[in-house]
Peer 1: 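One structure coming up, written as structure tokens, with questions to follow.
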Amino acid sequence: MPAVSDDDVESVRSLVAAIPLGQVSTYGDLAAAAGLSSPRIVGWIMRTDTADLPWHRVVPASGRPAPHLARRQLDRLRTEGVPITDDRIRLRECRWDIPLPR
């Protein structure tokens with residue numbers, strides 16, 4: 001894993017915390033918004049530091065959650081009104097358009 005600064009971690013945490021109810025973001029979108037070189041860095045941060053965040057709103061670009069999280073994640077997203085068909089999140093309808101910094 002490349003070096004990840006405290007600022008990188010806080011940037012990702014802030015972005016995840018800001019994902020609105022009923023919307024999702026991809027690891028890649030978050031990486032780009034945080035200025036990180038890879039979606040894998042976001043995944044690493046999410047695995048190590050998300051107890052107090054809406055982790056379920058961060059999804060792969062395929063729209064299919066990881067198998068070990070799928071049931072729990074999809075149930076939470078359905079409760080929030082996220083459109084899902086055949087266990088795939090319909091990203092075109094609920095992908096968060098991350099605001100550009102001012």
Side-chain angles (χ1 to χ4, degrees):
M1 176 58 40
V4 177
S5 71
D6 289 343
D7 287 344
D8 294 336
V9 171
E10 285 311 308
S11 180
V12 169
R13 286 181 53 78
S14 293
L15 287 165
V16 172
I19 301 170
L21 184 77
Q23 294 187 346
V24 298
S25 188
T26 68
Y27 292 95
D29 291 346
L30 294 170
L36 301 174
S37 61
S38 170
R40 290 177 187 259
I41 299 171
V42 174
W44 181 84
I45 292 169
M46 296 294 296
R47 280 190 303 280
T48 59
D49 191 28
T50 60
D52 60 337
L53 295 175
W55 61 268
H56 58 285
R57 296 180 190 152
V58 181
V59 301
S62 68
R64 286 204 187 274
H68 69 284
L69 294 174
R71 188 59 35 223
R72 205 166 99 202
Q73 188 169 20
L74 291 172
D75 287 348
R76 286 184 178 205
L77 292 173
R78 280 188 187 98
T79 299
E80 293 184 3
V82 170
I84 299 166
T85 301
D86 296 327
D87 291 340
R88 179 174 286 189
I89 297 143
R90 297 193 317 249
L91 291 172
R92 285 190 183 123
E93 298 171 44
C94 61
R95 193 173 197 164
W96 182 43
D97 186 18
I98 300 174
L100 297 175
R102 295 175 187 219

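None of these values were measured; they are calculated from a predicted model.
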Peer 1: Grouping I, L, V, M, F, W and Y whenever their side-chain heavy atoms are under 4.5 Å apart, do Val24 and Val58 come out in a common cluster?
Peer 2: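 They do not share one cluster, since no chain of ILVMFWY contacts under 4.5 Å joins Val24 to Val58.
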
Peer 1: Where do Pro54 and Ala17 come nearest, in terms of heavy atoms and distance?
Peer 2: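 Heavy-atom minimum between the residues: CD-CA, 4.1 Å.
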
Peer 1: Please say yes or no: joined through hydrophobic side-chain contacts below 4.5 Å, possibly via intermediate residues, are Trp44 and Val16 part of one cluster?
Peer 2: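 They do share one cluster, since a chain of ILVMFWY contacts under 4.5 Å joins Trp44 to Val16.
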
Peer 1: Side chain to side chain contact (heavy atoms under 4.5 Å, CB included), that's the test. Do Leu36 and Leu30 meet it? Break it down for me.
Peer 2: CA-CA 8 Å; Leu36 301 174; Leu30 294 170; over 6 Å; no

Peer 1: Examine Leu15 and Tyr27 and state if one hydrophobic cluster contains both, with Ile, Leu, Val, Met, Phe, Trp and Tyr joined whenever side-chain heavy atoms are less than 4.5 Å apart.
Peer 2: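 They do share one cluster, since a chain of ILVMFWY contacts under 4.5 Å joins Leu15 to Tyr27.
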
Peer 1: Who pairs with Asp29 by side-chain contact (heavy atoms from CB on, under 4.5 Å), at least two apart in sequence or on another chain?
Peer 2: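 Testing Asp29 for side-chain contact (heavy atoms from CB on, under 4.5 Å), a comparison that skips the adjacent residues, returns Ser25, Thr26, Arg95, Ile98.
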
Peer 1: For Asp86, look at atom CG and say whether over 12 heavy atoms of other residues, nucleotides or ligands are found less than 6.0 Å away.
Peer 2: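 Atom CG in Asp86 is not crowded, with 12 or fewer foreign heavy atoms closer than 6.0 Å.
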
Peer 1: What is the distance from atom NE2 of His56 to atom CD of Glu80, rounded to the nearest 0.5 Å?
Peer 2: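 Between His56 NE2 and Glu80 CD, I get 3.5 Å after rounding to 0.5 Å.
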
Peer 1: What about Met46 and Leu91, same hydrophobic cluster or not, with Ile/Leu/Val/Met/Phe/Trp/Tyr joined at side-chain heavy-atom distances under 4.5 Å?
Peer 2: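 No, separate clusters.
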
Peer 1: According to the side chain to side chain donor-acceptor pair (under 3.5 Å) rule, which pairs have a member within residues 66-79, sequence neighbours left out?
Peer 2: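 Only Arg71-Asp87, Arg78-Asp87 qualify under side chain to side chain donor-acceptor pair (under 3.5 Å).
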
Peer 1: Under the side chain to side chain contact (heavy atoms under 4.5 Å, CB included) criterion, do Asp8 and Ser5 qualify, and how do the steps go?
Peer 2: CA-CA 5 Å; Asp8 294 336; Ser5 71; 3.2 Å; yes

Peer 1: Quick one: closest heavy-atom pair of Val82 and Cys94, and the distance?
Peer 2: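 Between these two residues, the closest heavy atoms are CG1-SG, 3.7 Å.
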
Peer 1: Same cluster for Leu77 and Trp96 if Ile/Leu/Val/Met/Phe/Trp/Tyr side chains link at under 4.5 Å?
Peer 2: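 No: no chain of side-chain contacts under 4.5 Å links Leu77 to Trp96.
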
Peer 1: Check side chain to side chain donor-acceptor pair (under 3.5 Å) between Asp6 and all other residues, then give those that pass, not counting sequence neighbours.
Peer 2: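 None.
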
Peer 1: Would you compute the distance between atom OG of Ser14 and atom CG of Leu53 and round it to the nearest 0.5 angstrom?
Peer 2: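 So the gap between those two atoms works out to 9.0 Å.
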
Peer 1: Does any part of the side chain of Arg57, heavy atoms only, come nearer than 4.5 Å to the side chain of Leu21, both counted from C-beta?
Peer 2: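 The answer is yes, as the side chains (C-beta and beyond) meet within the 4.5 Å cut-off.
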
Peer 1: What do the steps show when you test Ile89 against Leu74 for side chain to side chain contact (heavy atoms under 4.5 Å, CB included), and what is the final call?
Peer 2: CA-CA 8 Å; Ile89 297 143; Leu74 291 172; 4.1 Å; yes

